Amino acid sequence: MPELPEVETVVRLVRPRVVGRTVTGVEVTWPRTLGGLTRPAFGRAVVGARIASAWRRAKYMVFDLERGGATAGWLVGHLRMTGRLVVQRADEEPDEWRKVSLALDDGRVLRFTDVRKFGRFTFTTDLARTLGPLGPEPLSEDFTAEWLAAALKARRRMLKPLLLDQSFLAGLGNIYVDESLFRAGLHPLASSNRLRRPQVERLHAEIRAVIAGAIEREGSSFDTFYRTPEGQPGSYQDEFCVYARDGLPCRTCGTTIRRLVVGQRGTHVCPRCQGRGPRRRAGKAPAAGARRPGR
DNA sequence: AGCTACTCCTGGTAGC
DNA sequence: TGCTACCAGGAGTAGC
């Protein structure tokens, strides 16, 4: 799934092809991708506007629009599960899953494509409201071990759902949370307010290392979905320690990696490196078979 | 406050 | 080979 590193990769590759371009037309083939905006309203807002810059916040792609040099709102995209954003020549065969296409003044087309239709690509004049509450960027100066220690202590939540919560920390998804927790030696079910200071510092460092490493490798492409806008797969999947490795030996200790379900999310742990987790109430042992979790 | 369940979706695949 | 049932999951929402 596209998370911070994948979205960052997409923005970096798309940016030089769209910044400075003016939108000359739109095609919307699945209106729900607009997230409530009507097709005509989207067209009116976007056609004739110039894309002034492109950047990322959390897992959102943001494009500043201008008219006559003044801010005219923002294009905001979210890839969710299977979204892609590409720039193509207008005469190139369009993807059968295209949802929103913007014709540009250089004869190319910015296309938002999405097999599963969960993604969003729309226009807003209220960026803060569209993005919603977001925690700090993991690679920003705001994200310090001190901040993390205080923030973890202020909540009493299981680490995994907390780290997935975008209003707590921005940009992490299922893959990078599992990888960060493994590398920090922490169990996903551990309670946020019970970490000791050295554990917090290690978690902080590993989150940053995982995210920075994944950006360097242009994200992870373990299935057929995520590709860079150039069509290339990322390579961070080669670095996975636990994600999608259930049934395989831990790279550190050889113990079999297990899969459990935490907050309806597939979760991968090394029972030895990350411990067995806090004692949960009896009666609902998490499914953790090496093959199929069942349901 | 924090947890669970449900919704949106469809390609891939396990199991027959 | 072909069919069916189920699974993945980011984020929003509802209910306990």
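Predicted model only: the values in this text are computed from it and were never measured. Residue numbers begin at 1 in each chain, while the letters A, B, ... track the order of the sequences.
- Put simply, NE2 on A/His78 is 4 Å from P on C/dA11, counting in whole angstrom units.
- Distance, A/Leu159 CG to B/dG2 C1': 14 Å, rounded to whole Å.
- Look at CH2 on A/Trp30: it is 6 Å from P on B/dT10, rounded to the nearest Å.
- Within the nucleic acid shown, A/Arg80 comes within 4.0 Å of at least one base atom, counting heavy atoms only.
- A donor-acceptor pair under 3.5 Å is formed between the side chain of A/Thr267 and the backbone N or O of A/Arg265.
- No contact: A/Gly119 has no heavy atom under 4.0 Å from any strand.
- In this structure, A/Asn174 atom CG and C/dA8 atom P are separated by 10 Å, rounded to whole Å.
- We find that CH2 of A/Trp97 is positioned 7 Å from P of B/dG12, with the value rounded to whole Å.
- Between the side chain of A/Arg265 and the base of C/dG10, a donor-acceptor pair under 3.5 Å is found.
- Ionic pairing of A/Arg183 and A/Glu239 is not present here: no N-O contact between side-chain nitrogen and carboxylate oxygen is shorter than 4.0 angstrom.
- Residue A/Tyr243 is in sugar-phosphate contact alone, with no base atom involved, counting any heavy-atom pair closer than 4.0 Å across all strands shown.
- Classified by interplanar angle (parallel below 30°, tilted 30° to 60°, perpendicular above 60°), the ring pair A/Phe121/A/Phe42 is perpendicular.
- With rounding to whole Å, A/Arg157 atom CZ is found 9 Å from B/dC3 atom C1'.
- Distances were taken from every side-chain heavy atom of A/Arg259 (C-beta onward) to each of B/dT4, C/dG12, C/dG9; the shortest belongs to C/dG9.
- Relative to the side chain of A/Gln166, the nucleotides C/dA11, B/dC9, B/dT10 differ in distance, and C/dA11 lies closest.
- We find that CE of A/Met81 is positioned 15 Å from C1' of C/dG12, with the value rounded to whole Å.
- Side-chain nitrogen and oxygen atoms of A/Arg116 include none within less than 4.0 Å of the OP1 or OP2 phosphate oxygen of C/dA11.
- With DNA chain B read from its 5' end, the first of the two nearest nucleotides for A/Lys117 and A/Pro161 is the one closest to A/Pro161.
- Atom C1' of nucleotide C/dG12 and atom CZ of A/Arg32 are separated by 14 Å, given to the nearest angstrom.
- Side-chain proximity of A/Arg155 to B/dG2, B/dT10, B/dT4: nearest is B/dG2.
- Two residues, A/Phe118 and A/Val262, neighbour DNA chain B, and the one matched to the more 5' nucleotide by heavy-atom proximity is A/Val262.
- Just one residue in the list A/Arg80, A/His78, A/Glu6, A/Glu8 forms a side chain to side chain contact (heavy atoms under 4.5 Å, CB included) with A/Lys59, and that residue is A/His78.
- Here A/Glu3 lies out of heavy-atom contact (under 4.0 Å) with every strand.
- The existence of a salt bridge linking A/Glu137 and A/Arg57 is confirmed by a sub-4.0 Å separation between a basic side-chain nitrogen and an acidic carboxylate oxygen.
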